[in-house]
Protein chains: 2
Amino acid sequence: MTNKQANSTSQSIAAHLEQMILDGSLAPESKIPSERQLSSRLGVSRAIVREALHELHGRGMIETRHGKGSFVSCVVPQVDESTPLMQLYIGHSRTLYDLFEVREQLEGQAAALAAERATEQDQYRIRKAFETMEAADPLTNAELDHAFHRSIVEASHNPVLLHVLNSLKSLMLDSVQAAVMNLAHRKAFKQQIDRHHRQIYHAVISRQARWARKAAMAHVRHVSESLRQIEEQEKHLIRAALDQREVESA
Amino acid sequence: MTNKQANSTSQSIAAHLEQMILDGSLAPESKIPSERQLSSRLGVSRAIVREALHELHGRGMIETRHGKGSFVSCVVPQVDESTPLMQLYIGHSRTLYDLFEVREQLEGQAAALAAERATEQDQYRIRKAFETMEAADPLTNAELDHAFHRSIVEASHNPVLLHVLNSLKSLMLDSVQAAVMNLAHRKAFKQQIDRHHRQIYHAVISRQARWARKAAMAHVRHVSESLRQIEEQEKHLIRAALDQREVESA
DNA sequence: AATTACGCACTGGTCGGACCAGTTTTTTGT
DNA sequence: ACAAAAAACTGGTCCGACCAGTGCGTAATT
């Protein structure tokens with residue numbers, strides 16, 4: 001299905017192993033056959049096997065310990081529901097916050113411009129998006145939240161801004177988006193976010209550019225820091241789990 | 001900072017290359033030195049280099065083409081200048097000012113972050129770029145001006161910011177760049193620009209983030225408005241010419 | 001006999017050289 | 001001058017060797 005064997009041996013072997021891992025043929029924490037074993041069984045040189053393994057390591061699916069072997073490191077056994085989250089951007093979490101740093105500026109600018117330049121039509125759209133979002137079920141408002149912000153960016157009447165923000169958003173992995181949305185599950189966060197949305201809305205509608213910028217920036221920053229908190233918590237959980245496991249295996 | 005060199009050679013080489021990519025030392029789409037070259041330059045075997053490259057490939061930071069080489073595949077997707085949408089807008093002067101509007105924010109943020117996060121090495125680079133620029137012949141300092149701004153953006157240590165600003169800059173047509181440079185011909189503008197540069201430089205070096213942001217934003221805004229003025233003047237000239245023609249043909 | 005220590009048989013990590021296969025540049029023969 | 005052949009790149013694959021951690025079983029020591 002997703003068999004892209006693209007370039008060649010090492011690639012296809014990596015894909016093959018990945019498939020086995022995702023299938024569950026290779027359970028998490030289970031030991032992967034040794035390099036020499038794979039090499040002879042697959043009829044390729046050991047170098048190729050090593051390249052394939054490094055490829056998987058790059059994706060964080062594998063961990064290798066000198067003298068012991070390589071092990072599947074699917075952190076969370078849960079199929080593919082809620083928490084492959086961390087693993088994806090765990091190595092790049094820094095970049096994620098860099099991204100928020102940029103977004104903070106641009107969303108702020110967008111809100112300010114929207115307050116200044118929104119036409120009546122824009123204001124109508126913003127109002128509609130806002131009301132729809134407020135009335136909606138908190139669990140399903142991912143799209144609506146997005147639509148609200150989008151309506152504001154569009155009201156800024158700056159295509160470059162729109163374009164850049166779009167590509168930044170598409171940069172965020174779905175998992176991260178999901179995580180952001182999961183903030184809504186925590187009542188305190190949800191309320192804070194709602195408050196921010198209201199502030200942004202009113203500021204833009206009442207054409208108070210300065211306030212709009214401030215509110216939008218605060219909003220992005222809040223989301224970013226909330227995410228950071230969650231990451232910190234999960235890191236602790238993971239570490240705790242690992243410690244626990246080591247205790248058990250000791 | 002995030003330098004986990006953990007296991008060994010291939011890992012640390014991968015990390016090193018990743019750093020270079022994120023830093024912008026290796027621009028997107030740029031060719032990475034050949035495996036044999038890296039191998040000899042880093043003093044390790046080619047196999048190790050290959051493993052490091054595969055690691056990066058696994059993370060999607062690299063693409064490799066047989067017989068050609070390996071290439072940085074933009075971590076931060078380029079703000080597509082090729083997208084049909086942008087294609088339409090490019091060239092419209094209105095879009096140009098939208099662009100400056102965005103740049104104003106981002107350059108400001110970059111300067112502020114640079115003031116906060118610049119290492120000694122960064123400061124040295126910035127100082128060198130600044131002094132070189134000041135000492136240079138005003139007519140040929142297009143490159144140097146660019147280098148100065150770049151050194152500051154790099155000192156912000158935010159790869160997303162770096163890449164976005166890079167792609168924005170590439171959006172500006174050469175003609176525009178030339179026009180900006182032509183501002184230097186007018187003594188008043190030139191002096192103002194120099195003053196801005198000095199302010200930015202001193203603010204960043206003395207770690208005054210707020211001031212740095214303000215200066216950088218003022219700088220971009222000034223350039224933008226100067227350009228607008230020039231355009232206005234030229235428009236008058238053109239209109240005058242057109243009127244003249246109509247008179248003649250009447 | 002129990003315990004320690006050594007050593008062998010694993011594991012991954014690194015090396016160098018060889019060769020194949022695409023791509024680009026240079027040379028060369030008409 | 002031009003087109004074809006050749007040389008000089010590039011990455012892709014293989015081999016065989018050796019080093020370095022790890023673990024286990026056996027032999028030496030107590």
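Note that the structure is predicted; figures quoted are calculated from it, not measured. By convention in this document, chain letters (A, B, ...) are assigned in the order of the sequence lines, proteins followed by strands, and residues within each chain are numbered from 1.
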Value in whole Å for how far the [atom2] atom of [N] lies from [atom1] of [X]:
X     : N      : atom1 : atom2 : answer
A:Q11 : D:dG11 : CD    : P     : 14 Å
B:L38 : C:dC15 : CG    : P     : 14 Å
B:I48 : D:dG12 : CD1   : P     : 16 Å
A:L53 : C:dT11 : CG    : P     : 13 Å
A:I13 : D:dT13 : CD1   : C1'   : 11 Å
B:K31 : D:dG11 : NZ    : C1'   : 11 Å
A:I62 : C:dT11 : CD1   : P     : 15 Å
B:F71 : D:dG11 : CZ    : P     : 9 Å

Practice task
Hey, could you give me the CZ/OG distance between A:R50 and A:S10, rounded to the nearest 0.5 Å?
Solution key: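 With rounding to 0.5 Å, CZ (A:R50) is 13.0 Å from OG (A:S10).
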Identify which nucleotide among [options] has an atom closest to any side-chain atom of [X], counting heavy atoms from C-beta outward.
X     : options                : result
B:E51 : C:dT14, D:dT13, D:dT10 : C:dT14
A:H66 : D:dC14, D:dT10, C:dG12 : C:dG12
B:R36 : C:dG13, D:dC15, D:dG12 : D:dG12
B:K68 : D:dC14, C:dT23, C:dT14 : C:dT23
A:E35 : C:dG12, D:dG11, D:dT10 : C:dG12

I want to check one thing: is the phosphate of [N], taken as OP1 and OP2, less than 4.0 Å away from some side-chain N or O of [X]?
X     : N      : value
A:S8  : D:dT13 : yes
B:Q37 : D:dT10 : yes
B:T9  : C:dT14 : yes
A:S34 : C:dT11 : yes

Exercise for the section: For B:D122 and B:T119, indicate whether the former's side chain and the latter's backbone hold a donor-acceptor pair under 3.5 Å. Expected result: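 Confirmed, B:D122 side chain pairs with B:T119 backbone.
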Practice task
Check whether any side-chain N or O of A:S39 sits under 3.5 Å from a backbone N or O of A:V44 as a donor-acceptor pair, and report yes or no.
Solution key: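 Yes, the answer is positive, given that a donor and an acceptor are paired below the 3.5 Å cut-off.
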Handout entry: Carboxylate-amine/guanidinium contact B:R125 B:E154, below 4.0 Å
Key =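 Salt bridge absent between B:R125 and B:E154.
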Handout entry: Aromatic ring proximity, centroids under 6.0 angstrom, A:H54 and B:H54
Key =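 Aromatic pair excluded; centres sit 6.0 Å or further apart.
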Exercise for the section: Kindly say whether, by distance alone, the side chain of A:R46 makes a donor-acceptor pair under 3.5 Å with the base of D:dG16? Expected result: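 Check fails, no donor-acceptor contact within cut-off.
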Practice task
Assign A:R65 to base, sugar-phosphate, or nothing according to its heavy-atom contacts below 4.0 angstrom with the strands shown.
Solution key: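 The residue A:R65 makes sugar-phosphate contact but no base contact.
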